[in-house]
Student: 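Shown below is the structure under consideration.
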Amino acid sequence: QVQLVESGGGLVQTGGSLRLSCAASGRTFMSNDMAWWRQAPGKEREFVAHITIGGVVTHYGDSVKGRFTTSRDNAKGTVYLQMNDLKPEDTAAYYCAAAKRPFYSGTDYYQPNYYELWGQGTQVTVSS
């Protein structure tokens, strides 16, 4: 079964840090763009970060710019999201996603339908 599995979530105080990981099983997605999204209760899914296949180009949502960094280790088949200076408004379930088209990096990476496979999510809770 092909799946993405996130880990690293938890409870942290305001100003703290967490690093999320996303590993693929069943097949590799290291030829695909990858991204992080989040969804808080009662809110729409929100784009957090995107990373191209080689890891050279990244994009971030406005609310996390300067605080979050995404990276990938293609040898390990893992994508990371380093989250610093966390705020209560960062509380959400965080999901990683793999883009539909391999060997392709488009401009609509901030759209959910750019991605074909989603993980089950990992909860991040930031206390004030």
Side-chain angles (χ1 to χ4, degrees):
Q1 181 179 1
V2 178
Q3 59 179 353
L4 298 174
V5 179
E6 304 94 338
S7 61
L11 174 64
V12 64
Q13 291 185 334
T14 296
S17 298
L18 283 174
R19 187 175 84 152
L20 306 184
S21 299
C22 171
S25 63
R27 57 165 280 196
T28 178
F29 288 93
M30 294 302 104
S31 299
N32 300 64
D33 285 7
M34 300 291 291
W36 291 92
W37 292 72
R38 68 185 182 187
Q39 188 165 23
K43 295 188 177 181
E44 292 187 355
R45 185 166 39 183
E46 178 186 8
F47 169 74
V48 175
H50 161 261
I51 185 166
T52 54
I53 299 163
V56 175
V57 179
T58 56
H59 301 94
Y60 298 93
D62 289 341
S63 61
V64 307
K65 281 180 182 176
R67 301 186 298 121
F68 290 13
T69 303
T70 188
S71 60
R72 64 193 298 166
D73 184 336
N74 285 343
K76 294 183 178 179
T78 304
V79 182
Y80 304 97
L81 183 68
Q82 177 66 43
M83 306 185 294
N84 298 328
D85 189 24
L86 283 161
K87 304 175 181 181
E89 51 264 43
D90 294 318
T91 295
Y94 283 72
Y95 302 88
C96 68
K100 290 179 180 178
R101 294 177 60 181
F103 306 108
Y104 173 79
S105 292
T107 58
D108 51 348
Y109 54 83
Y110 57 93
Q111 300 283 0
N113 61 9
Y114 187 78
Y115 304 94
E116 70 163 337
L117 185 67
W118 298 76
Q120 292 299 306
T122 184
Q123 179 67 34
V124 171
T125 302
V126 184
S127 64
S128 57

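Residue indices begin at 1 and follow the sequence shown. Keep in mind that this is a model prediction, so the values were computed, not measured.
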Student: Closest heavy-atom contact between Val124 and Gly9?
Tutor: CG2-CA, 4.1 Å
Student: How long is the span from the CG atom in Asn32 to the CZ atom in Phe103, to the nearest 0.5 Å?
Tutor: 8.0 Å
Student: Quick one: which of Leu18, Asp90, Leu11 gives a side chain to side chain contact (heavy atoms under 4.5 Å, CB included) with Val126?
Tutor: Asp90
Student: Kindly determine whether Ser63 and Arg38 satisfy side chain to side chain contact (heavy atoms under 4.5 Å, CB included), including the steps that lead there.
Tutor: CA-CA 12 Å; Ser63 61; Arg38 68 185 182 187; 3.2 Å; yes
Student: Can you see which heavy atom on Ile53 is nearest to which on Asn74, and at what distance?
Tutor: O-ND2, 3.1 Å
Student: Look at atom CD of Gln111 and say whether more than 12 heavy atoms of other residues, nucleotides or ligands are closer to it than 6.0 Å.
Tutor: yes
Student: Could you state whether Val12 and Leu81 fall into the same hydrophobic cluster, counting links through intermediate Ile, Leu, Val, Met, Phe, Trp or Tyr residues with side-chain heavy atoms under 4.5 angstrom apart?
Tutor: yes
Student: What pairs of residues pass the salt bridge (charged side-chain N to carboxylate O under 4.0 Å, His left out) test when at least one of them lies in residues 4-32, not counting sequence neighbours?
Tutor: Arg27-Glu116
Student: Might you point out which heavy atoms bring Thr69 and Tyr60 nearest each other, and give the distance in Å?
Tutor: CA-OH, 3.3 Å
Student: Taking only residues two or more places apart in sequence or in another chain, which ones pass salt bridge (Lys or Arg N to Asp or Glu O under 4.0 Å) with Arg45?
Tutor: none
Student: Are Met83 and Trp37 joined in one hydrophobic group, where the rule is that I, L, V, M, F, W and Y side chains link up if heavy atoms are under 4.5 Å apart?
Tutor: no
Student: Quick one: does Arg72's side chain have a donor or acceptor within less than 3.5 Å of a partner on Asp33's backbone?
Tutor: no
Student: Going through the checks in order, is the side chain to side chain contact (heavy atoms under 4.5 Å, CB included) test met by Ser105 and Thr52?
Tutor: CA-CA 6 Å; Ser105 292; Thr52 54; 3.6 Å; yes
Student: Rounded to the nearest 0.5 Å, what separates atom CG in Leu20 from atom OH in Tyr80?
Tutor: 12.0 Å
Student: Between Thr58 (side chain) and His50 (backbone), is there a donor-acceptor pair under 3.5 Å?
Tutor: no
Student: Kindly give the heavy-atom pair with the smallest separation between Thr91 and Ala40, and that separation in Å.
Tutor: O-CB, 3.6 Å
Student: Among Tyr109, Tyr114, Tyr110, Tyr95, find the residue that satisfies the ring-ring contact (aromatic ring centres under 6.0 Å, His included) test when tested with Phe47.
Tutor: Tyr109
Student: Say whether Tyr115 and Tyr104 are linked into one hydrophobic cluster, either directly or through other cluster members, by side-chain heavy-atom distances under 4.5 angstrom.
Tutor: yes
Student: Working to the nearest 0.5 Å, report the span between OG of Ser71 and CE of Met34.
Tutor: 12.0 Å
Student: Can you tell me which residue pairs pass the salt bridge (charged side-chain N to carboxylate O under 4.0 Å, His left out) test with a partner in residues 95-108, sequence neighbours excluded?
Tutor: none
Student: To the nearest 0.5 Å, how far apart are CE in Met30 and CG in Asp73?
Tutor: 9.0 Å
Student: Does Thr14 reach the main-chain N or O of Lys87 with its side chain, forming a donor-acceptor pair under 3.5 Å?
Tutor: no
Student: For Ala24 and Leu4, work out which heavy atoms get closest and say how close.
Tutor: CB-CD2, 3.7 Å
Student: What are the two closest non-hydrogen atoms of Thr78 and Ala23, and how far apart are they?
Tutor: OG1-CB, 4.2 Å
Student: Should we count CD of Gln39 as having more than 12 external heavy atoms under 6.0 Å?
Tutor: yes
Student: Can you measure from CZ (Phe29) to CG (Leu117) and round to the nearest 0.5 angstrom?
Tutor: 4.5 Å
Student: Atom OG in Ser7, atom CD in Gln120: separation rounded to 0.5 Å?
Tutor: 13.5 Å
Student: Please determine whether side chain to side chain contact (heavy atoms under 4.5 Å, CB included) holds for the pair Trp36 and Phe68, giving the CA-CA distance in whole Å, both sets of side-chain angles, and the decisive distance to 0.1 Å.
Tutor: CA-CA 11 Å; Trp36 291 92; Phe68 290 13; over 6 Å; no
